[in-house]
Amino acid sequence: MDITTMRIIVTLLSFACFLGIGVWAFSRRNRERFEEAARLPFEQD
């Protein structure tokens, strides 16, 4: 396995990780939790 093959593999793994984070961030399951976290700075004690 040469260096070019290793670079291709690392690039593909990084892209797959990026897509996974994007899917996780925009999933409907997490929407309520993220909206609650977004309102947190505006709530008063």
Side-chain angles (χ1 to χ4, degrees):
M1 192 180 302
D2 62 343
I3 191 70
T4 304
T5 305
M6 292 292 287
R7 288 178 178 168
I8 292 170
I9 291 171
V10 168
T11 301
L12 291 175
L13 288 174
S14 299
F15 185 64
C17 184
F18 173 77
L19 288 177
I21 291 171
V23 168
W24 172 76
F26 291 105
S27 70
R28 292 179 186 235
R29 248 182 344 166
N30 294 324
R31 181 174 300 214
E32 183 179 328
R33 190 172 75 197
F34 288 152
E35 285 179 0
E36 180 183 338
R39 288 189 304 269
L40 199 60
F42 302 110
E43 293 180 0
Q44 297 203 359
D45 292 340

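If you're wondering where the values come from, they're calculated on a predicted model, not measured in any experiment.
- Every residue meeting the side chain to side chain contact (heavy atoms under 4.5 Å, CB included) condition with E35, not counting sequence neighbours, appears here in chain and number order: R31, R39.
- In the hydrophobic clustering (ILVMFWY side chains linked at under 4.5 Å, chained through shared members), L13 is joined by M1, M6, I9.
- If you run side chain to side chain contact (heavy atoms under 4.5 Å, CB included) between I8 and each of V10, T4, T11, only T4 comes through.
- Among residues two or more places apart in sequence or in another chain, the side chain to side chain contact (heavy atoms under 4.5 Å, CB included) test is passed with R7 by I3.
- Residues satisfying the side chain to side chain contact (heavy atoms under 4.5 Å, CB included) criterion with S27, sequence neighbours excluded, are R29, N30.
- Residues passing the side chain to side chain donor-acceptor pair (under 3.5 Å) test with T5 are D2, sequence neighbours excluded.
- With a 4.5 Å cut-off between side-chain heavy atoms of Ile, Leu, Val, Met, Phe, Trp and Tyr, the cluster of W24 takes in F34.
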